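Only a predicted model underlies this, so the values are computations on that prediction, with no experimental measurement involved. Here is how names work: the chains are called A, B, and so on, in the same order as the sequence lines, proteins then strands, and each is numbered from 1.
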Amino acid sequence: KQEVTQIPAALSVPEGENLVLNCSFTDSAIYNLQWFRQDPGKGLTSLLLIQSSQREQTSGRLNASLDKSSGRSTLYIAASQPGDSATYLCASQNEKLTFGTGTRLTIIP
Amino acid sequence: GAVVSQHPSRVICKSGTSVKIECRSLDFQATTMFWYRQFPKQSLMLMATSNEGSKATYEQGVEKDKFLINHASLTLSTLTVTSAHPEDSSFYICSASYGGNTEAFFGQGTRLTVV
């Protein structure tokens, strides 16, 4: 059974700093890895999807990497802004999505 | 990305009544829809997977008679919480995809409160 873990559970950083969120998964037989953002009381917004054959994906200030063999993915956020404050979830996909526990990010103005 | 609309966004119901939540894919035909439940400050827990025109597949521990899922068309799936009790209060989220391992698109979620 796939298990997805995110560390840290919560993170606070000053505005403008770069930061990295971590995601690890136990079963490397995945089709893709997705990163989502969830604002309080809201649904999920898809940020990046990395296919299993890819190493990374970039969108604006966000860069996600994937190392299938070691069961790890990272989400890099450059030049953080207060609007980036949210919970970030990663999820591995193999027919269905298995979600991580999330990292609650707070950007301090 | 594709748009998935979930309705209602919030609902309060009395204990013992049933509540229906709708999930619609607005601009694509969703072969597969997923229903999740999320407890406060926890991650999403998959409840069931539904494919258009067939019975839903429920995850272990999810009562299929309590959480009725219908996926009668390629653009609409419904989750009915039957005889709701306070412990059913939660945040329910749906997602829709073209099936297989294609990207899933999520609805806005429904906050259910049973009083």
Side-chain angles (χ1 to χ4, degrees), chain A residues 1-11 21 23-25 27-54 57 59 62 64 66 68 86-106, chain B residues 1-11 21-26 31-51 56-62 89-113:
Chain A
K1 178 186 172 185
Q2 177 76 286
E3 292 183 7
V4 181
T5 305
Q6 291 183 247
I7 295 173
L11 178 66
L21 306 180
C23 172
S24 60
F25 46 94
D27 185 352
S28 62
I30 65 173
Y31 282 89
N32 61 57
L33 190 292
Q34 292 184 244
W35 283 92
F36 298 89
R37 169 187 173 136
Q38 184 176 31
D39 292 292
K42 304 292 184 182
L44 273 64
T45 300
S46 179
L47 298 175
L48 289 164
L49 182 152
I50 313 175
Q51 300 290 353
S52 61
S53 58
Q54 297 175 319
Q57 280 286 343
S59 175
L62 306 180
L66 175 64
K68 258 184 61 172
T87 295
Y88 290 81
L89 295 162
C90 69
S92 68
Q93 185 166 24
N94 186 346
E95 297 300 325
K96 58 186 179 183
L97 286 169
T98 302
F99 282 87
T101 44
T103 295
R104 190 166 64 255
L105 176 65
T106 302
Chain B
V3 179
V4 175
S5 177
Q6 192 172 335
H7 179 80
S9 58
R10 289 178 178 272
V11 58
I21 303 170
E22 291 188 348
C23 180
R24 293 181 183 273
S25 56
L26 298 185
T31 305
T32 306
M33 288 189 172
F34 304 86
W35 286 94
Y36 298 84
R37 182 173 181 174
Q38 187 178 32
F39 293 101
K41 298 188 178 181
Q42 295 189 26
S43 192
L44 277 71
M45 180 186 75
L46 180 65
M47 298 174 66
T49 302
S50 72
N51 292 296
T57 301
Y58 290 81
E59 295 297 301
Q60 191 173 9
V62 179
S89 298
S90 192
F91 193 60
Y92 293 88
I93 307 177
C94 72
S95 72
S97 77
Y98 293 99
N101 287 293
T102 57
E103 185 174 2
F105 302 94
F106 285 77
Q108 309 95 315
T110 297
R111 169 74 58 195
L112 170 63
T113 303

So which part of [X] gets closer than 4.5 Å to some heavy atom of chain A, the side chain, the backbone, both or neither?
{"X": "B:L44", "answer": "both"}
{"X": "B:T102", "answer": "backbone"}
{"X": "B:Q6", "answer": "neither"}

So with a 6.0 Å cut-off around CD of B:E59, is the heavy-atom count from everything else above 12?
yes

[X] versus chain B, heavy atoms under 4.5 Å apart: side chain, backbone, both or neither?
{"X": "A:Q51", "result": "neither"}
{"X": "A:L44", "result": "both"}
{"X": "A:S46", "result": "side chain"}
{"X": "A:Q93", "result": "both"}

Can you confirm whether or not the ring centre of B:F34 sits under 6.0 Å from the ring centre of B:F106?
no

Side-chain donor-acceptor pair under 3.5 Å between A:N32 and A:S52, yes or no?
no

Any side-chain donor paired with an acceptor under 3.5 Å for A:S92 and A:Q2?
yes

Which residues pass the side chain to side chain donor-acceptor pair (under 3.5 Å) test with A:D39, not counting sequence neighbours?
A:R37

Would you give me the side-chain donor-acceptor pairs under 3.5 Å for residues 91-99 of chain B, sequence neighbours excluded?
residue: B:Y92; atom: OH; partner: B:D88; partner atom: O; Å: 2.7
residue: B:S97; atom: OG; partner: B:G99; partner atom: N; Å: 3.0

